[in-house]
Amino acid sequence: MGNGGALAFLFLTHECAAGLEELSCWAFLNVTMYHEKKGNGVEMSIPIQRRPGLTSEQQASDISVISSSTKDKLSAEELYKEVARQNGKFNAGDVRSMIESAVEVLMGFVKKGMIVQIPGLVDITPVVGGTQDKEGNWLTGPHKRLRARVVKPVRDRFAREASLTMMPTVKRVPIITYVSDMHTGALNCELAVGHMVAIVGDFLKIHPLVGDEGVFFVKPDGTEVKSLRYRDNKPKRLTCEVPEGLVSGDTCQLKVRVRIRSNKVLRSTTFETPILIV
C-alpha cells in the first residue's frame with residue numbers, strides 16, 4: 001500500500017467460517033488523519049479522562065485513575081479512501097478489493113491451524129478450547145476463536161508517537177428526549193392511567209427491583225407515584241405503565257431515577273414538559 005503519509009488505522013473484519021467470532025485487527029500507525037474539507041493533515045490525539053480512585057487507598061491519597069475515552073471508530077469506507085489518498089496509485093475500490101482478498105487468504109490459512117502474520121502489523125493465531133471426557137466426547141466446546149496481537153514494533157511506535165488530550169469528565173445522567181402514550185400515540189402531552197408509556201432518550205436502563213430507581217410521576221402536591229410495571233428496559237428506551245394513584249386532570253412531572261453502570265450514585269432527570277393525566 002506504499003508509504004505515502006501516515007495511516008491512522010488499519011481495520012480488517014471478517015466473519016470466522018464457524019460463525020463464532022469476528023476478527024478485528026486494529027493497528028495505530030500514526031495519529032495524523034486527513035481532513036477532507038480542509039485538504040490537509042490534522043493532528044489528532046487520544047482523549048483521556050481523570051476519574052476518582054477505585055480503591056480506598058487511592059481515594060484516601062486523592063489519587064486519580066486515568067483512562068481513555070475513545071468513542072470514534074473509523075469506518076471501512078473512510079479507511080479505503082484514506083489509503084487510496086495516501087498511496088496515490090489506487091482508488092478506494094481497489095483498496096477495498098485488496099483488503100477483502102487479503103482477509104479471504106488469511107482465513108484460508110488460519111482455518112488450517114496456521115499462525116498468520118500480516119507483515120509489520122499483527123500476528124493472528126487460531127485458538128481452540130473446551131473439555132472432553134476420557135472417551136473423547138466434548139463436554140464443553142469446541143470453542144474456536146481467533147486471537148490477534150499487534151507486533152512489538154507497532155506497539156512501540158504507538159506508545160512513542162501517540163499524543164494524549166485530557167477531556168473534561170462529564171457526569172452521566174438519564175436523558176429523556178420524548179414521551180409517548182403507546183395506546184393513543186399522544187406525544188409529550190397526555191397520558192392515561194393504565195396505558196403503557198414509551199420513554200426514549202439515553203442512560204434510561206433501571207434496576208427494577210431497587211426501590212429508589214424507576215419512573216416516578218410527581219403530583220402537584222409533591223407526592224411521587226412510582227410505576228411498578230415495566231416492559232422495555234434498555235439504555236435508550238424504557239416503557240412502563242402509568243400507575244394507579246394518579247387522578248384525571250392532574251398535571252405531573254415525569255422523573256426517571258437510575259444508577260448508571262452500577263454506579264452507587266443515584267442519578268435523576270425530570271422531563272421538561274409537564275404531563276397531563278387524562
Side-chain angles (χ1 to χ4, degrees), residues 1-49 67-128 143-165 167 202 234-237:
M1 293 184 183
N3 55 4
L7 175 61
F9 299 102
L10 179 57
F11 173 61
L12 304 178
T13 181
H14 191 78
E15 290 296 324
C16 182
L20 294 176
E21 186 165 308
E22 183 182 74
L23 165 64
S24 299
C25 307
W26 291 86
F28 301 83
L29 301 185
N30 208 317
V31 289
T32 301
M33 284 189 61
Y34 177 69
H35 193 291
E36 293 186 357
K37 292 182 179 180
K38 293 184 178 180
N40 56 18
V42 177
E43 290 297 325
M44 302 182 67
S45 59
I46 301 171
I48 59 175
Q49 286 188 328
S67 61
S68 61
S69 59
T70 301
K71 294 182 179 179
D72 292 334
K73 180 176 179 179
L74 191 73
S75 71
E77 292 301 324
E78 290 171 327
L79 170 68
Y80 304 147
K81 290 179 182 179
E82 180 65 7
V83 174
R85 185 195 70 81
Q86 294 191 21
N87 180 275
K89 297 179 182 179
F90 305 101
N91 59 36
D94 295 331
V95 176
R96 175 199 289 269
S97 296
M98 286 188 288
I99 291 180
E100 290 178 349
S101 296
V103 171
E104 288 299 324
V105 172
L106 180 151
M107 291 300 299
F109 285 113
V110 294
K111 286 190 295 184
K112 297 175 183 178
M114 299 182 67
I115 299 173
V116 177
Q117 182 182 82
I118 299 178
L121 180 59
V122 65
D123 291 329
I124 301 170
T125 305
V127 178
V128 178
H143 307 298
K144 307 169 190 176
R145 299 184 297 275
L146 289 171
R147 184 175 61 206
R149 179 174 175 79
V150 177
V151 297
K152 188 176 186 300
V154 175
R155 299 199 309 270
D156 291 345
R157 181 179 175 186
F158 172 71
R160 185 174 63 251
E161 297 182 7
S163 58
L164 308 176
T165 300
M167 303 296 290
D202 206 355
K234 302 176 182 178
K236 295 184 180 297
R237 180 182 173 88

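The model shown is predicted, which means the values in this text are computed figures rather than measured ones.
One distance of note links CD1 of I115 with OG1 of T125; it measures 4.0 Å at 0.5 Å rounding. One distance of note links CG of N87 with CG of D94; it measures 9.5 Å at 0.5 Å rounding. Here the NZ-CG distance, from K111 to L146, works out to 10.5 Å after rounding to the nearest 0.5 Å. Note: R85 CZ to E82 CD = 4.5 Å, rounded to the nearest 0.5 Å.
Scored by the salt bridge (charged side-chain N to carboxylate O under 4.0 Å, His left out) test, K152 finds D156 as partners (sequence neighbours excluded). By the side-chain hydrogen bond (donor to acceptor under 3.5 Å, both in side chains) test, K112 pairs with no residue at all, sequence neighbours left out. With sequence neighbours excluded, the residues forming a side-chain contact (heavy atoms from CB on, under 4.5 Å) with V151 are Q117, D123, P153, V154, listed by chain and number. Partners of A92 under the side-chain contact (heavy atoms from CB on, under 4.5 Å) rule, at least two apart in sequence or in another chain, are Y80, K81. Residues forming a salt bridge (charged side-chain N to carboxylate O under 4.0 Å, His left out) with D202 (at least two apart in sequence, or on another chain): K236. For R237, the salt bridge (charged side-chain N to carboxylate O under 4.0 Å, His left out) partners two or more places apart in sequence, or in a different chain, are D232.
Taking each heavy atom of N91 and A84 in turn, the nearest pair found is C-CB, 3.6 Å.
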Subject >> Test log, rule side chain to side chain contact (heavy atoms under 4.5 Å, CB included), inputs I99 and V83 >> reply: CA-CA 11 Å; I99 291 180; V83 174; 5.5 Å; no
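Under a cut-off of 6.0 angstrom, the local environment of CZ in R149 is sparse, with at most 12 non-hydrogen atoms contributed by other residues, nucleotides or ligands.
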